[in-house]
Amino acid sequence: MRKLILSTLSIFALAACQSESNSETLKENIEEQVKAKGEVCDYLTDDDVREVYGLDESNQIRRHESYGICSLDWKKDPTVDPASNHYSVSMNFSTLNATSEEEAAKGFDLIISRMTGGMKISNEAIQEKAKEMGIDTDLSGVLKDGVSVKGQTFSEVDGVGDKAMWSVKTSQLTVLEGTEVFFVNTYCGGDKAEALEKAKAMAGKVAAML
């Protein structure tokens with residue numbers, strides 16, 4: 001639960017850093033973007049996941065969607081349970097709401113810049129975002145010192161979207177496609193090379209739908 005809250009709040013805190021708008025405007029933008037895009041899990045289909053990761057019907061895929069993030073997880077070998085056998089993929093769109101490709105490109109660069117430099121999210125900001133997102137749990141004790149998002153190192157990835165950057169640390173691919181910026185995260189039993197390969201393939205599937 002704590003991991004989900006942290007990752008979700010970090011995404012929305014990053015979104016707040018991208019915009020000079022107040023939190024109410026940000027909330028409206030998020031809601032409007034969700035309406036415009038439809039269900040985020042429409043872009044992450046079981047058929048595409050099975051194709052990219054080489055799964056068959058014996059691999060039971062669990063699907064979760066919350067706060068604009070779609071995530072799927074499964075066991076590569078359904079009969080065993082070590083950590084190296086656990087796989088997952090998730091995606092979400094940024095809250096840029098760009099109206100032109102130029103604006104989206106600038107937003108993409110800003111996102112990478114923010115994540116490269118790192119940021120500190122105060123406990124007060126977390127509590128405010130939690131309320132906006134419908135999380136009633138009191139996080140003051142768990143996150144009393146706020147959340148520090150450490151800087152990441154990115155490498156450019158060719159062959160997907162208009163531009164894409166990969167973070168080995170978080171196994172996250174940030175993709176610019178037209179007026180959209182989206183994120184694909186994947187865990188492949190701890191294999192970072194495979195994670196990049198699969199994230200790129202899944203991002204290509206998503207980009208083709210935009």
Test log, rule side chain to side chain contact (heavy atoms under 4.5 Å, CB included), inputs Lys163 and Ile112: CA-CA 11 Å; Lys163 192 173 183 180; Ile112 297 301; over 6 Å; no

Side chain to side chain contact (heavy atoms under 4.5 Å, CB included) between Asp46 and Leu55, intermediate numbers included: CA-CA 10 Å; Asp46 284 6; Leu55 308 179; over 6 Å; no

Side-chain heavy-atom pair Arg62, His64 within 4.5 angstrom cut-off: yes

Euclidean distance, Asp73 CG relative to Gln60 CD, rounded to 0.5 Å: 9.5 Å

Test item: Ile111 and Met165 side chains (from C-beta on) under 4.5 Å apart, heavy atoms: no

Atom NZ of Lys106 with >12 non-hydrogen neighbours under 6.0 angstrom: no

Non-hydrogen atoms of Met91 and Val40 that approach each other most closely: O-CG2, 4.0 Å

Any Val52 side-chain heavy atom under 4.5 Å of Lys205 side chain: yes

Gap separating the CZ atom of Arg63 from the CG atom of Leu72, nearest 0.5 angstrom: 4.5 Å

Asn92 side chain vs Cys70 backbone, donor-acceptor pair below 3.5 Å: no

No-hydrogen, no-angle side-chain donor-acceptor test under 3.5 Å, Thr45 and Asp47: no

Nearest heavy atoms of Glu177 and Gly161, plus distance in Å: OE1-CA, 3.1 Å

Residue pair Leu173 / Ala203: nearest heavy atoms and the distance that separates them: CD2-CB, 3.8 Å

Within-4.5 Å side-chain heavy-atom neighbours: Met202 and Thr186: no

Spatial distance of atom CE (Met209) from atom CG (Leu44) [nearest 0.5 Å]: 8.0 Å

Lys169/Thr153 under side chain to side chain contact (heavy atoms under 4.5 Å, CB included): CA gap, chis, key distance, verdict: CA-CA 8 Å; Lys169 180 180 179 181; Thr153 300; over 6 Å; no

Trace of the side chain to side chain contact (heavy atoms under 4.5 Å, CB included) decision for Ser167 with Met115: CA-CA 10 Å; Ser167 168; Met115 292 195 292; over 6 Å; no

Minimum-distance pair of heavy atoms, taken over all atoms of Tyr43 and Val206: O-CG2, 3.4 Å

Shared hydrophobic cluster, Tyr187 / Leu196 (ILVMFWY, side-chain heavy atoms < 4.5 Å): no

Minimum side-chain heavy-atom gap Arg50-Ile61 below 4.5 Å: yes

Close side-chain approach of Cys188 and Tyr53, heavy atoms under 4.5 Å: yes

Heavy-atom pair with the smallest gap, counting every atom of Val181 and Ala104: CG2-O, 4.0 Å

Contact check, side chains of Tyr87 and Asp191, non-hydrogen atoms, under 4.5 Å: no

pair Leu210-Phe93: side-chain heavy atoms closer than 4.5 Å: yes

Nearest-0.5 Å distance that lies between atom OG in Ser171 and atom CH2 in Trp166: 4.5 Å

Exercise: identify the closest heavy-atom pair between Ile69 and Ser90: CG2-CB, 4.4 Å

